[in-house]
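Have a look at the structure below before the remarks.
Just so you know, ligand 1 is whichever comes first in the structure, and atom 1 is the first atom listed for that ligand. Side chains are part of it too, since the values below use all heavy atoms of this structure and drop only hydrogens, waters and symmetry mates. No experiment lies behind these values; they were computed from the predicted model shown.
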Amino acid sequence: MAPTYIVLLGPPGAGKGTQAKRIAQKLELVHVSTGDLFRENLKNETELGQLAQQYMNKGELVPDDVTVRMVEERLSRPDCKEGAVMDGFPRTAAQAKAFDELLKKFDSAVKVVPYIKVPDEVLVERLSGRWMSQSGRVYHEKYNPPTVKWIDDIDGSPLYQREDDKPETVRHRIDVYNEQTAPLIDYYRNQGLLVEIDGTQPIEDVTEDIMQAVKEA
Ligand code: AP5
Ligand code: MG
């Protein structure tokens with residue numbers, strides 16, 4: 001069977017990472033987050049990490065060619081042979097086209113694009129209360145707290161706040177999203193792949209709606 005690729009679309013703080021982890025587990029697919037991959041490179045002090053950091057800390061996008069190359073390398077690994085839940089990629093028109101070409105090489109195509117809708121005013125609050133684990137698991141001090149404050153439930157590692165979650169950087173990330181990523185809503189709608197999901201619901205309900213969209217795709 002051709003591999004399955006699901007693209008989670010939505011603004012910063014919509015819940016892409018939260019949902020991607022849950023959906024990937026249910027569907028036994030790999031969760032591929034370009035943000036997590038860049039942060040991993042940053043932690044390991046690779047050249048790619050150093051390059052990406054300059055953009056990420058300002059809330060700008062990393063250049064398309066670098067990002068596409070990284071995704072191609074990741075999706076070519078054996079653990080992705082059944083497909084992946086994409087979180088934060090594609091997020092420009094050029095990336096979306098490059099992704100379509102890449103999936104052709106894998107004899108596949110995007111299956112469905114759940115678009116997690118959340119109004120701007122909610123996003124800043126979500127991101128300022130977000131606590132992250134090194135593994136990419138996501139918590140919120142109020143909406144999704146870990147059992148022990150600042151400690152990851154699964155592996156016990158310390159949680160941290162992201163450098164780019166300061167309110168002024170978040171606002172810039174939202175502007176960048178509206179300018180460069182929001183056009184993908186129509187790109188995927190025109191292909192009949194977009195399904196709007198109400199991202200203001202509780203986490204479990206959002207997951208249920210996304211699973212339904214996948215089932216009906
Ligand atoms: P990336 O890491 O992808 O960040 P983002 O897109 O800005 O999205 P976030 O991770 O901030 O939000 P999310 O939607 O994952 O929400 P989450 O689940 O955490 O990218 C970071 C940077 O990397 C970019 O700015 C760019 O520089 C670079 N980059 C990445 N990909 C790139 C690409 N393709 N091209 C170029 N550059 C790229 O949830 C947020 C909070 O809300 C959490 O605390 C969570 O617990 C809480 N929450 C989630 N759901 C709910 C709910 N239903 N109710 C209440 N609270 C909730
Ligand atoms: Mg995320």
Side-chain angles (χ1 to χ4, degrees), residues 7-24 31-42 48-49 51-72 74 85-96 98-99 114-120 122-133 135-146 152-153 159-167 169-182 184 197-210:
V7 172
L8 294 186
L9 197 60
K16 300 182 298 294
T18 302
Q19 296 300 332
K21 278 253 177 291
R22 297 167 60 90
I23 301 292
H31 167 204
V32 173
S33 156
T34 38
D36 287 352
L37 289 173
F38 287 133
R39 280 183 288 276
E40 212 175 284
N41 273 281
L42 194 63
L48 174 62
L51 174 95
Q53 182 180 33
Q54 303 164 30
Y55 297 93
M56 293 173 83
N57 285 352
K58 286 187 279 188
E60 302 283 345
L61 296 184
V62 179
D64 287 334
D65 56 335
V66 178
T67 306
V68 168
R69 233 179 298 134
M70 177 178 75
V71 168
E72 176 160 14
R74 180 68 191 89
V85 179
M86 305 303 297
D87 156 15
F89 180 91
R91 59 209 248 171
T92 64
Q95 289 180 17
F99 189 47
Y115 161 41
I116 310 176
K117 271 179 93 166
V118 175
D120 284 2
V122 180
L123 301 174
V124 181
E125 198 209 349
R126 282 202 186 170
L127 293 180
S128 54
R130 170 164 65 184
W131 298 346
M132 294 283 297
S133 88
S135 68
R137 262 185 296 281
V138 189
Y139 298 88
H140 191 280
E141 59 175 340
K142 203 153 87 192
Y143 305 125
N144 186 22
D152 183 63
D153 283 349
L159 302 177
Y160 72 99
Q161 278 185 301
R162 267 169 51 176
E163 189 59 41
D164 59 348
D165 277 349
K166 297 187 192 93
T169 315
V170 167
R171 277 187 212 104
H172 185 58
R173 282 162 57 203
I174 295 171
D175 290 343
V176 168
Y177 167 83
N178 285 327
E179 244 165 67
Q180 303 199 49
T181 309
L184 296 188
I197 305 286
D198 175 5
T200 63
Q201 308 174 87
I203 291 170
E204 295 71 23
D205 297 357
V206 177
T207 307
E208 226 169 88
D209 286 359
I210 296 174

Ligand 1 N/O within reach of Ser33 N/O, cut-off under 3.5 Å: no
Val62 N/O to ligand 1 N/O under 3.5 Å: yes
Gly13, any N or O under 3.5 Å of ligand 1 N or O: yes
Shortest protein heavy-atom distance from atom 21 (C) of ligand 1, along with the residue and atom involved: Arg162 NH2, 3.5 Å
Step-by-step salt bridge (Lys or Arg N to Asp or Glu O under 4.0 Å) determination, Lys16 to Asp87: CA-CA 6 Å; Lys16 300 182 298 294; Asp87 156 15; 5.1 Å; no
Nearest non-hydrogen partners of Val7 and Pro114, listed with the distance: O-CD, 3.2 Å
Numbered atoms of ligand 1 (with element) below 4.0 Å of Pro11, judged on heavy atoms: 14 (O)
Intermediate values then yes/no, salt bridge (Lys or Arg N to Asp or Glu O under 4.0 Å), Glu125 and Lys142: CA-CA 10 Å; Glu125 198 209 349; Lys142 203 153 87 192; 2.9 Å; yes
Heavy-atom pair with the smallest gap, counting every atom of Lys21 and His31: NZ-ND1, 3.1 Å
Contacting atoms of ligand 1, where contact means under 4.0 angstrom from a heavy atom of Gly199: 53 (N)
Leu127 and ligand 1 - part of the residue with a heavy-atom distance under 4.0 Å: side chain
Distance in Å, Tyr115 OH paired with Asp198 CG, rounded so as to fall on 0.5 Å steps: 11.5 Å
Atom 31 (N) of ligand 1 [closest protein heavy-atom partner, distance rounded to 0.1 Å]: Thr34 OG1, 2.7 Å
Option nearest atom 56 (N) of ligand 1 (shortest heavy-atom distance, choices Tyr143, Phe38, Trp131): Tyr143
Flag, side chain of Arg126 to backbone of Gly13, donor-acceptor distance under 3.5 Å: yes
Part of Ala52 within contact of ligand 1 (heavy atoms, under 4.0 Å): neither
Shortest non-hydrogen contact from Leu184 toward Ala96: CD2-CB, 3.7 Å
Closest contact, heavy atoms only, Asp164 versus Val170: O-CG2, 3.8 Å
Sub-3.5 Å N/O-N/O distance, Tyr139 and ligand 1: yes
Distance from atom 23 (O) of ligand 1 to nearest protein heavy atom, with residue and atom: Met56 CE, 3.3 Å
Nearest neighbour in protein (non-hydrogen) for atom 43 (C) of ligand 1: Val138 CG1, 3.4 Å
Heavy atom of Gly10, distance to ligand 1 below 4.0 Å: no
Heteroatom proximity flag, Thr200 to ligand 1, N/O under 3.5 Å: no
Smallest separation among heavy atoms of Val138 and Asn144, with atom names: O-ND2, 3.2 Å
Sole residue of Arg91, Arg69, Gln95, Gln180 in side-chain hydrogen bond (donor to acceptor under 3.5 Å, both in side chains) with Asp64: Gln95
Per-atom contacts of ligand 1 with Thr18, taking only distances under 4.0 Å to non-hydrogen atoms: 17 (P), 18 (O), 39 (O), 45 (C), 49 (C)
Subset of ligand 1 atoms that lie under 4.0 Å from at least one heavy atom of Gln95: 33 (C), 34 (N), 35 (N), 36 (C)
Atom 16 (O) of ligand 1: the protein heavy-atom neighbour that sits closest, reported with distance to 0.1 Å: Gly15 N, 3.2 Å
Tyr55 N/O to ligand 1 N/O under 3.5 Å: no
Check: Asp164 N/O within less than 3.5 Å of ligand 1 N/O: no
Flag, side chain of Thr169 to backbone of Asp165, donor-acceptor distance under 3.5 Å: no
Met56 side, atom CE; Leu42 side, atom CG - distance, nearest 0.5 Å: 7.0 Å
Atom pair OG1/CD1 of Thr181 and Ile174 - distance to nearest 0.5 Å: 12.0 Å
CG-CZ distance between Asn178 and Arg173, expressed to the nearest 0.5 angstrom: 13.0 Å
Nitrogen or oxygen atoms of Arg39 and ligand 1 under 3.5 Å apart: yes
Atom 53 (N) of ligand 1 - nearest protein heavy atom and its distance: Gln201 O, 2.8 Å
Atoms in ligand 1 flagged as close to Thr67, the criterion being non-hydrogen separation under 4.0 Å: 33 (C), 34 (N), 35 (N), 36 (C)
Any donor-acceptor N/O pair, Gln19 side chain to Ile203 backbone, under 3.5 Å: yes
Per atom 34 (N) of ligand 1, closest listed option by heavy atom (Gly17, Gly88, Gly136): Gly88
Ligand 1-proximal atoms of Arg173, by part, heavy-atom distance under 4.0 Å: side chain
Proximity winner for atom 48 (N) of ligand 1, if only heavy atoms of Gln19, Lys16, Arg126, His140 are counted: Arg126
OG1 on Thr67 to CG on Leu37, rounded to 0.5 Å: 10.0 Å
Heavy-atom nearest option to atom 32 (C) of ligand 1, drawn from Arg91, Met132, Arg137: Arg91
Atom 27 (O) of ligand 1 [closest protein heavy-atom partner, distance rounded to 0.1 Å]: Glu60 O, 2.6 Å
Heavy atom of the protein closest to atom 9 (P) of ligand 1 (residue, atom name, distance): Arg130 NH1, 3.3 Å
Shortest non-hydrogen contact between Ser33 and Asp36, atoms and distance: OG-N, 2.9 Å
